[in-house]
Engineer: 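First the structure, which I've put down as structure tokens, then a few questions once you've had a look.
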Amino acid sequence: MTDRFADKLLTWYDQHGRHDLPWHHDRNAYRVWVSEIMLQQTQVATVIPYFEAFMARFPTVHDLAGAPVDDVLSHWSGLGYYARARNLHKAAKQVVEEFGGKFPQDPEALESLTGIGRSTAAAIVAQAFGKRAAILDGNVKRVLARYHAVPGWPGQTAVLKRLWEHAEAHTPEERVTDYTQAIMDLGATVCTRSRPDCEACPVKSGCQAHARGETALYPGSRPKKAKPEKTTWMVILEDSDGRILLERRPPSGIWGGLWSLPELDPAFGPEELSEACEQQLGMNCGDPELISGFRHTFSHYHLHIQPVRLPVTGNTTVSDSDRLCWLHRDEALALGLPAPIRSLLTEPEQAALL
DNA sequence: GAGCCGTGGAC
DNA sequence: TGTCCAAGGCT
């Protein structure tokens, strides 16, 4: 049912919305899907160049399904949340094998694809197929929490449930594609997290938070928790030809599946690194040289990265070529390394300041 | 339900 | 400089 909220929003959208984002061109389910996955927990400006490059390399779901996963991961390098890339690749195969290369149009079937949950399924249904489906991303949560003065942190199930109910109630039958884009645009450009521009808001008159002068109270903030501190060694092994030893990380965990510098257990002391290196990497090394370390903050913990150079004294033959490889710096960077490791190899002074 | 998974922008 | 968190989903 179309209510006044949707009408006002659509009128505003016609004049002030974002109508020319890359995934709005040549719109199809594949392009919408890839954009939605990239946009999870990631801002539009960050996604745009990745989306363009990804589409140039993988124009169709068949191109993606047939590509090596390493190729997909290297195009994801720097975007973060690399499980998204592995799931995207897996889901592309699912679309080809289980759905004949055509995306299903109902949310339930879409949610059977790896990496697509309730919100992303709804976004694809509305954006690609023009069918009615309510979305609830970070922007919509903020808009609705303020409009209805919904207290509490949206991470709580009860709060989330109320927001979904409001989202469903406001979603119109007509112009669903524009409406979903409109409410996200309002959240991104007007109803922003800090200092919202309420005077420019088309639904100001009905907004309970604005009426109370309490927009800053909504949505409620996440409970604070201390981040644990962790430490690790990052090994820079360089042979006489200037090649660096890289190690593929395990499929799960931080930077899962990415190539990176070999990591040694922090339980090893500096004098034990040569021996650890021989055990773990099969390389004979001389005395370690410590480089200035730096701290990198993740969502859930702080990681002290301590780089260490270890001169290779023996031969540089690798025993496990699927896990280990020697590459020059530019070749390594083309693989797609984790961002802090990339900075460490390109600008060691900058990395130390992180 | 709660923890985990990245990076960069905004403040 | 540190904190928060953004077009969430999986385990």
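Note that the structure is predicted; figures quoted are calculated from it, not measured. In what follows, chains carry the letters A, B, and so on, assigned in the order in which the sequence lines appear, proteins first and then strands, with residues in each chain numbered from 1.
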Engineer: What is the nucleic acid contact for A:Q181, judged by heavy atoms within less than 4.0 Å: base, sugar-phosphate only, or nothing?
Structural biologist: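 Base, at least one base atom sits under 4.0 Å.
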Engineer: Is the base of B:dG6 touched by the side chain of A:T42 through a donor-acceptor pair closer than 3.5 angstrom?
Structural biologist: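 Between B:dG6 and A:T42, which were checked side chain against base, a qualifying N/O pair under 3.5 Å is present.
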Engineer: How many whole angstroms separate atom NZ of A:K224 from atom P of C:dT3?
Structural biologist: 8 Å
Engineer: A:N87 has a side chain; which of B:dG9, B:dT7, C:dC10 sits nearest to it?
Structural biologist: C:dC10
Engineer: Expressed as a whole number of Å, how far does the P atom of B:dC5 sit from that of C:dA7?
Structural biologist: 23 Å
Engineer: At less than 4.0 Å, is any side-chain N or O atom of A:Q43 found next to OP1 or OP2 of B:dG9? Yes or no.
Structural biologist: no
Engineer: In whole angstrom, give the distance that lies between atom CG of A:L39 and atom P of C:dG9.
Structural biologist: 12 Å
Engineer: Between A:T114 and A:E36, which residue's closest nucleotide on DNA chain C lies nearer the 5′ terminus?
Structural biologist: A:E36
Engineer: For A:G78, which contact category applies under a 4.0 Å heavy-atom criterion: base, sugar-phosphate, or nothing?
Structural biologist: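 Since only primed, P, OP1 and OP2 atoms lie under 4.0 Å of A:G78, the category is sugar-phosphate.
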Engineer: Would you say A:W255 places a side-chain N or O within less than 4.0 Å of OP1 or OP2 belonging to B:dT7?
Structural biologist: yes
Engineer: Nearest of C:dT3, B:dG1, C:dA6 to any side-chain atom of A:H302?
Structural biologist: C:dT3
Engineer: Within this structure, what is the CZ-to-C1' distance between A:R84 and C:dC10, rounded to whole angstrom?
Structural biologist: 13 Å
Engineer: In terms of side-chain heavy atoms of A:K225, which of C:dG8, B:dT7, B:dA2 is nearest?
Structural biologist: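 In terms of side-chain proximity for A:K225, the closest of C:dG8, B:dT7, B:dA2 is B:dA2.
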Engineer: Could you check how far CG of A:N139 sits from P of C:dC5, rounded to whole Å?
Structural biologist: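 Atom CG in A:N139 sits about 14 Å away from atom P in C:dC5.
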Engineer: For the residue pair A:F51 and A:F54, is the inter-centroid distance of their aromatic rings smaller than 6.0 Å?
Structural biologist: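 Not under 6.0 Å, so no.
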Engineer: Of the options B:dG8, C:dA6, B:dC5, whose atoms approach the side-chain atoms of A:A339 most closely?
Structural biologist: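 The answer is B:dG8.
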Engineer: Judged by each residue's nearest nucleotide on DNA chain C, which is more toward the 5′ side, A:H24 or A:G115?
Structural biologist: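 Nearest nucleotide further toward 5': that of A:H24.
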Engineer: Using a 4.0 Å heavy-atom cut-off, does A:R86 contact any base of the nucleic acid, only the sugar-phosphate backbone, or nothing at all?
Structural biologist: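 Nothing, no nucleic acid heavy atom in range.
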Engineer: Identify which nucleotide among C:dG9, B:dT7, C:dA7 has an atom closest to any side-chain atom of A:S119, counting heavy atoms from C-beta outward.
Structural biologist: C:dG9
Engineer: By nearest heavy atom, map A:R195 and A:Y301 onto DNA chain B; which one lands nearer the 5' end?
Structural biologist: A:Y301
Engineer: Measure from CD1 on A:I124 to P on C:dA7 and round the result to the nearest Å.
Structural biologist: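 Rounded to whole Å, this separation is 17 Å.
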Engineer: Need one value for A:V44: base, sugar-phosphate or nothing, where a base atom within 4.0 Å counts as base even if backbone is also close, heavy atoms only.
Structural biologist: base
Engineer: Got a donor-acceptor pair under 3.5 Å from the side chain of A:S299 to the base of B:dG6?
Structural biologist: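 Indeed there is one.
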Engineer: Applying a 4.0 Å non-hydrogen cut-off, can you work out what A:G187 is touching in the nucleic acid: base, sugar-phosphate, or nothing?
Structural biologist: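 Nothing, no heavy atom under 4.0 Å.
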Engineer: Taking for each residue the nucleotide of DNA chain B with the nearest heavy atom, is it A:H300 or A:L258 whose nucleotide lies nearer the 5' end?
Structural biologist: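 The residue mapped nearer the 5' terminus is A:H300.
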Engineer: Tell me whether the centres of the aromatic rings in A:H296 and A:F294 are closer together than 6.0 Å.
Structural biologist: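 That pair fails the under 6.0 Å test.
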Engineer: Does A:K230 use its side chain to pair, donor to acceptor, with the backbone of A:L303 at less than 3.5 Å?
Structural biologist: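 Side chain of A:K230 to backbone of A:L303, a donor-acceptor pair under 3.5 Å: no, none is there.
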Engineer: Mind checking if A:L79 touches a base, just sugar-phosphate, or nothing, with heavy atoms under 4.0 Å?
Structural biologist: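 Contact class for A:L79: base.
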Engineer: Are A:Y147 and A:H166 an aromatic pair by the rule of ring centers under 6.0 Å?
Structural biologist: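 Ring-ring flag for A:Y147/A:H166: false, centres at least 6.0 Å apart.
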Engineer: Determine whether the aromatic ring centres of A:Y13 and A:H19 lie less than 6.0 Å apart.
Structural biologist: yes
Engineer: Taking only N and O in the side chain of A:T120, is any of them less than 4.0 Å away from OP1 or OP2 of C:dG9?
Structural biologist: yes
Engineer: Checking all strands, does A:W23 fall into the base, sugar-phosphate, or nothing category for heavy-atom contacts under 4.0 angstrom?
Structural biologist: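 Since a base atom lies under 4.0 Å of A:W23, the category is base.
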Engineer: Determine the Euclidean distance between corresponding P atoms of B:dG6 and C:dG2; express it in Å to zero decimal places.
Structural biologist: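 Those two atoms are separated by 22 Å.
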Engineer: Between A:T171 (side chain only) and A:A133 (backbone N and O only), is there a donor and an acceptor less than 3.5 Å apart?
Structural biologist: no
Engineer: Checking all strands, does A:L88 fall into the base, sugar-phosphate, or nothing category for heavy-atom contacts under 4.0 angstrom?
Structural biologist: nothing
Engineer: What is the distance, to the nearest angstrom, from the CD1 atom on A:I135 to the C1' atom on C:dG8?
Structural biologist: 13 Å
Engineer: Rounded to the nearest angstrom, tell me the gap between atom NZ in A:K230 and atom P in B:dG6.
Structural biologist: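 The distance from NZ of A:K230 to P of B:dG6 comes to 12 Å, rounded to the nearest Å.
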Engineer: Name the closest nucleotide to the A:T157 side chain, picking from B:dG1, C:dG9, C:dA7.
Structural biologist: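 That would be B:dG1.
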Engineer: Picking from A:Q280, A:M234, A:E272, what satisfies side chain to side chain contact (heavy atoms under 4.5 Å, CB included) with A:L264?
Structural biologist: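 Only one of A:Q280, A:M234, A:E272 forms a side chain to side chain contact (heavy atoms under 4.5 Å, CB included) with A:L264, namely A:Q280.
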Engineer: In whole Å, what is the span from the CG atom of A:L303 to the P atom of B:dC4?
Structural biologist: 14 Å
